[in-house]
Amino acid sequence: MMSAKRLYLSAILLMAASMPAYAHVGIGTTSSFAAGFMHPLSGLDHMTVMIAVGLWAALKGGKAVWAWPAAFVGVMLAGAALGMAQVQLPFVEPGILASVVVLGLLVALAVDLPVSAGVAIIGLFALFHGHAHGTEVPENAGGLEYMAGIAMVTALLHAAGIAAGLGLGARSRGFARAAGAGCAAVGAGLVLGVL
């Protein structure tokens, strides 16, 4: 099992070495609930991370099943508010790419961290995802409907990951770990520019 120190170092190195995904800013309409609802479903990075959060929460069980998804949605909305307010945040795109790889690895390796540590990791990545979505909203649009749509589909994707992780019973750990490895592979493909 990877130590927390190695995991953090790997995330930092990945963020520093990765190229921007340009998966968010300025793409599509950003002024309606429907646009917000559909946007995460069109981004491989967002979908894999949301499902990975749900799978990791299912692997952990207990309070993590509700705390980790809630932390992601809440911090994502705070990050979106920062993005809409034009507050600069460094490493947004590399952080998004790192989230795909790191959360995939956390699931694939079934890393068992305290709930509070999981909240911190998930919150950091949620901040990057939210900021990217918030910067998409034009200055002359409020963005509340758009972000409500993103928040709803994000919660639904978390729930899908949790349901998949919990619904398979004894087989769920193997399935979740394989899905985590797939998520990490998707992240590596995004980092390398092959996806």
Side-chain angles (χ1 to χ4, degrees), residues 8 10-54 68-104 106 118-161 183-184 186-195:
Y8 296 138
S10 297
I12 290 167
L13 290 174
L14 180 64
M15 285 174 30
S18 62
M19 298 296 294
Y22 302 112
H24 295 96
V25 179
I27 297 179
T29 180
T30 57
S31 59
S32 71
F33 179 85
F37 190 88
M38 293 308 296
H39 180 78
L41 299 175
S42 67
L44 196 54
D45 57 338
H46 197 87
M47 282 190 355
T48 54
V49 166
M50 298 317 109
I51 292 171
V53 166
W68 290 355
F72 194 100
V73 173
V75 176
M76 180 187 72
L77 290 172
L82 292 174
M84 285 188 276
Q86 305 298 316
V87 174
Q88 296 299 310
L89 183 66
F91 306 115
V92 171
E93 290 294 333
I96 290 169
L97 290 174
S99 73
V100 183
V101 175
V102 171
L103 287 167
L106 289 167
V119 164
I121 292 168
I122 288 167
L124 174 65
F125 291 139
L127 185 67
F128 293 133
H129 281 266
H131 191 275
H133 291 304
T135 58
E136 296 170 335
V137 178
E139 289 183 36
N140 60 351
L144 294 180
E145 289 180 36
Y146 178 68
M147 287 312 302
I150 288 177
M152 180 171 281
V153 79
T154 295
L156 290 172
L157 288 168
H158 289 326
C183 179
V186 166
L190 291 170
V191 169
L192 298 173
V194 295
L195 291 178

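Quick caveat, the model's predicted, so the values are computed rather than measured.
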Q) Which atom pair, heavy atoms only, marks the closest approach of Ile96 to Ala132? A) CD1-CB, 3.7 Å
Q | Taking every non-hydrogen atom, the tightest pair across Ala151 and Leu77 | A | CB-CD2, 4.1 Å
Q. If you look at every heavy atom in Gly143 and Met84, which pair is closest and at what distance?
A. CA-SD, 4.1 Å
Q | Inter-residue atom distance Ser99.OG - Leu190.CG, 0.5 Å rounding | A | 9.5 Å
Q) Below 4.5 Å, heavy atoms only, C-beta onward: do Glu136 and Tyr146 meet side chain to side chain? A) yes
Q: State, with a plain yes or no, whether a side-chain heavy atom of Leu41 is found less than 4.5 Å away from one of Val153.
A: yes
Q. If you take all heavy atoms of Cys183 and Ala52, which pair is closest and at what distance?
A. SG-CB, 4.1 Å
Q: Take Met152 and Phe33 through the side-chain contact (heavy atoms from CB on, under 4.5 Å) test and state the conclusion after the steps.
A: CA-CA 9 Å; Met152 180 171 281; Phe33 179 85; 3.7 Å; yes
Q: Show your reasoning for whether side-chain contact (heavy atoms from CB on, under 4.5 Å) applies to Val53 and Phe125.
A: CA-CA 11 Å; Val53 166; Phe125 291 139; over 6 Å; no
Q: Might you work through the side-chain contact (heavy atoms from CB on, under 4.5 Å) test for Leu124 and Val75, ending with a clear yes or no?
A: CA-CA 8 Å; Leu124 174 65; Val75 176; over 6 Å; no
**Q.** Steps toward side-chain contact (heavy atoms from CB on, under 4.5 Å) verdict (Asp45, Leu97)
**A.** CA-CA 7 Å; Asp45 57 338; Leu97 290 174; 5.6 Å; no
Q. Do Leu103 and Ile122 touch side chain to side chain, with heavy atoms closer than 4.5 Å?
A. yes
(Q) To check you understand the geometry: which heavy-atom pair defines the closest contact between His133 and Met147, and what is its length? (A) CB-SD, 3.9 Å
Q: Using side chain to side chain contact (heavy atoms under 4.5 Å, CB included) as the criterion, list what pairs up with Ile51, not counting sequence neighbours.
A: Leu55, Leu157
Q) Got His46 and His39 here, is their nearest side-chain heavy-atom distance under 4.5 Å? A) no
Q. Looking only at heavy atoms, what is the nearest atom pair of Ser32 and Ala35, with distance?
A. OG-N, 3.0 Å
Q) With sequence neighbours excluded, what pairs up with His131 under the ring-ring contact (aromatic ring centres under 6.0 Å, His included) test? A) none
(Q) Whether the Thr154 and His129 side chains hold a donor-acceptor pair (N or O, under 3.5 Å, no angle test) is what I'd like checked. (A) no
Q) What pairs with Thr48 under side chain to side chain donor-acceptor pair (under 3.5 Å), at least two apart in sequence or on another chain? A) none
(Q) For a 4.5 angstrom cut-off between non-hydrogen side-chain atoms, does Met76 reach Ile150? (A) yes
Q.
Between Val101 and Val186, is there a side-chain heavy-atom distance shorter than 4.5 Å?
A. no
